[in-house]
Q: 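Before I ask anything, let me first share the structure, which is written out below as structure tokens.
In the text below, chain A, chain B and the rest are named by the order of the sequence lines, each starting its count at 1.
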Number of protein chains: 2
Amino acid sequence: MKNNLPTLKEIATQLNISISTVSRALHDHKSIGLRTKTRVQELARQIQYEPNQTAIFFQQGKTFTIGVILPELSEAFFSSAISGIEDAAHKSNYTVLMGQSHDSVEKEKQLIDTMKKHRVDGLLISISKNTTNYEHFEALQRYSIPIVFFDRIPKIPNIHYVACNMINGTVQAINFLFAKGHRIIGMINGPEKLPATKERLEGYILAMTKSRLKYDPSLVLNCDLTKESVCAATEKLLTGKRRPTAIVTFNDYVALDAVQQAQKMKFKINKDICFVSYANLPLTNYTAYPPLASVEQFPYLQGQKATETLIDLLSQKNNALAENGNAAYYKIILESQLMVHNK
Amino acid sequence: MKNNLPTLKEIATQLNISISTVSRALHDHKSIGLRTKTRVQELARQIQYEPNQTAIFFQQGKTFTIGVILPELSEAFFSSAISGIEDAAHKSNYTVLMGQSHDSVEKEKQLIDTMKKHRVDGLLISISKNTTNYEHFEALQRYSIPIVFFDRIPKIPNIHYVACNMINGTVQAINFLFAKGHRIIGMINGPEKLPATKERLEGYILAMTKSRLKYDPSLVLNCDLTKESVCAATEKLLTGKRRPTAIVTFNDYVALDAVQQAQKMKFKINKDICFVSYANLPLTNYTAYPPLASVEQFPYLQGQKATETLIDLLSQKNNALAENGNAAYYKIILESQLMVHNK
DNA sequence: ATTTTATCCGCAAGCGTTTGCACAATGTAA
DNA sequence: TTACATTGTGCAAACGCTTGCGGATAAAAT
């Protein structure tokens, strides 16, 4: 039951030439005569020779595999991102070794370990929600496995990353609401520590002050993304003394929960209260009251860009000009963009 | 910039013993004395030795990698399935090489080719919607790369597969509606050729006749899953001479489109017309009128089972008892189950 | 004292490829 | 004729690891 696949050696013995000649012939090496070249290629095709990649990987110390670690594939953002990753990877003949951390730090470490063992050439990571310690990433330096982070970026210096700037989109969202006549605009933001949360807040403050609406902190609430906390925040906003006529929510899921809560409180959606959100998920097409608009974060593009820069990094490494310590770090930032839903 | 990672050789020379002794010491081989064993392990830990897996893969002719080819990760079914796959794989120390066919036959072939090149130990495949030719699967025999199909199964004999039987769930769905008093029950089914479509129909007919409601073919319409065709089918059903009071739809997305269409036609959902569906997607929680119930197909479980049988197959292969041609084929069938949504 | 038996260890082959180097043969310029 | 490219080919090492086999040493049995 052995894998008796054809090897270079077989071709060589059958043709009575040396293995190296066969190898070179198949690679179209110039130093091989045309006659032997065709003879070899002919036979190779005939017996369906295919090089043993594992041997090549080993010999070249390169696997043409990139590892991807992300929190949760069932989130539309990430499943879209991985499509971008895959497409970009395949275009350069890389394959994708995938793993989900499910937002567990432990799992994340394990995954990094497996990826390391499998000698992936590079790594694409979107860190878990709970990761605060970054040693396991830094340990990879030793193996000279480059990492490109995307979307969820650790807060350490000297890393490559691709992210989407939420400030701009947030400003657009506020302006959109302002143009529609809203003057009291609330926000249900995400967990306080998340950079994503901070960026949204920053954009909010920026836009509000620019619009000469003063920034009222009581209109900005944090939630932990659970349905309960979203409902609580919604209720608090809608019963506060300054009742907003529009609310910007951390993402589409939050928006949907908030809508439900508002309805339960007998508010008329899009009349008494409007919602604008982030993510632009397709599912919002099916809901009774989708947010009026969503800030798009371009996950596919993020995945694609991240992969491209990683592959770029990898080819640089090959050119061995990485000797100098003045390594430059890629910081690629896409601009988010408000997508208004046509009703 | 070479990868100067520690190797067995280094340990060997530093300790003035042979490479083979080091290897055995690290594997706790009984023929190595306790003293040298500890010395070796000590040093190994100290210099952070880690075996070069690519070398091992090559040497052992095994990569501990399983390839997964599926149509579309952004479909909740598959992102859930891959979680099951991942979890089961990791449990047995396998990793997952992933690729999406996006329902393109060409892409599917390419992916199989890459997987083959990467010498995955085995393959998990859910075939693309458009695959009718199965040669590219059979070509894998030559490499003795076992395949386990899941959910979307090709119609060829002698394959391993894991699937979910829709008949039972469909019967449950019809019975559920019957119990609620519905007597005229329509169906918006999927593309005619799909096995999934046929199973649903079979269950429908079975349940209807068992309930002594005669099977009326004009109540069963096919659609190609696009919004337009769903709406057309819905309209046709709701304007037909025998107007159904309940409709079973091919999946939740179809249900949502159908609901929209019915609303547009001024039908009161859950009053004039009820919906029951398949898939049980979480998003239905957020919609105004989710289907009353959904037939669950247990994607996570399917993925898990498929992986387990594949790994089982792989270990059998190792035991080299595959000599005999009387190979048995795994046909694992899960039963679908109706999940009634609590309102 | 001699043979047997553990116990411990090293040699070397092999996995399939790539590639620097040397060598042979042929042709070309001095 | 001699020297020198040019072209075509093979040798052998290297990548890092596993493993069958045989050899050494020491302890135990005869």
Q: Is it true that the side chains of A:Ser80 and A:Ser83 contain a donor and an acceptor less than 3.5 Å apart?
A: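 The criterion, which ignores hydrogens and geometry beyond distance, is not satisfied for A:Ser83 and A:Ser80.
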Q: From C:dT18, D:dT9, D:dT19, pick the nucleotide closest to the side chain of B:Ser23?
A: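 Shortest atom-to-atom distance from the side chain points to D:dT19.
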Q: Rounded to whole angstroms, how far apart are CZ on B:Phe57 and P on C:dT17?
A: 18 Å
Q: Distance check needed: D:dC15 C1' versus A:Arg119 CZ, whole Å only.
A: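 To the nearest whole Å, that distance equals 12 Å.
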Q: Return the value, rounded to whole Å, for the distance between atom NE2 of A:His27 and atom C1' of C:dT18.
A: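 Going from A:His27 (NE2) to C:dT18 (C1'), I get 8 Å.
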Q: With a 3.5 Å cut-off and heavy atoms only, can you find an N or O donor on one side and an acceptor on the other between the side chain of B:Arg24 and the base of D:dG20?
A: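 Such a pair exists between side chain and base.
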Q: Any chance the side chains of B:Ser18 and B:Thr21 put a donor and an acceptor closer than 3.5 Å?
A: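 Judged by distance alone, the side chains do pair up.
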Q: Among C:dT17, D:dG16, D:dT18, which nucleotide sits nearest the side chain of B:Asn52?
A: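 Output: D:dG16.
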Q: In terms of the nearest nucleotide of DNA chain D, which residue is placed more toward the 5' end: A:Thr21 or A:Ala55?
A: A:Thr21
Q: Tell me, with the steps shown, if A:Arg152 and A:Asp103 meet salt bridge (charged side-chain N to carboxylate O under 4.0 Å, His left out).
A: CA-CA 11 Å; A:Arg152 303 228 207 128; A:Asp103 276 318; 3.2 Å; yes
Q: Starting from P on C:dT19, measure out to CG on A:Leu8 and report it in whole angstrom.
A: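 To the nearest whole Å, that distance equals 12 Å.
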Q: Any side-chain N or O of B:Ser18 below 4.0 angstrom from OP1/OP2 of C:dC11?
A: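 Result: no.
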Q: Taking 5.5 Å and 30° as the limits, would you call A:Phe58 and the base of C:dT17 a stacked pair?
A: no
Q: Any Lys/Arg nitrogen of A:Lys116 or B:Glu50 sitting under 4.0 Å from an Asp/Glu carboxylate oxygen of the other?
A: yes
Q: Of the candidate nucleotides C:dT18, C:dT17, D:dC15, which contains the atom at the shortest distance from the side chain of B:Lys9?
A: D:dC15
Q: With heavy atoms under 4.0 Å as the rule, sort A:Tyr49 into base, sugar-phosphate or nothing.
A: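 The answer is sugar-phosphate, as A:Tyr49 gets under 4.0 Å only of primed atoms, P, OP1 or OP2.
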Q: Is there a donor on the side chain of B:Thr36 or the base of C:dC9 sitting less than 3.5 Å from an acceptor on the other?
A: no
Q: Quick one: B:Lys117 NZ to C:dT17 P, roughly how many Å, whole number?
A: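 Atom-to-atom, B:Lys117 to C:dT17, this comes out as 14 Å.
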Q: Expressed as a whole number of angstroms, how long is the span from A:Gln59:CD to C:dC15:P?
A: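 Those two atoms, CD and P, are 16 Å apart.
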Q: What is the separation between atom CD on B:Gln60 and atom P on D:dC15, rounded to the nearest whole Å?
A: 20 Å
Q: Any heavy-atom pair between the side chains of A:Phe64 and A:Lys62 that's under 4.5 Å?
A: yes
Q: Can you figure out which of C:dC8, D:dC17, C:dT18 approaches the side chain of B:Ser31 most closely?
A: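 Selected nucleotide: C:dC8.
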Q: Using only modelled atom types and a 3.5 angstrom limit, is any donor from either the side chain of A:Ser20 or the base of D:dC11 paired with an acceptor on the other?
A: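 Answer yes: a donor N or O sits under 3.5 Å from an acceptor.
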Q: Once you round it to whole Å, what is the distance between P of C:dC21 and CD1 of A:Ile19?
A: 21 Å
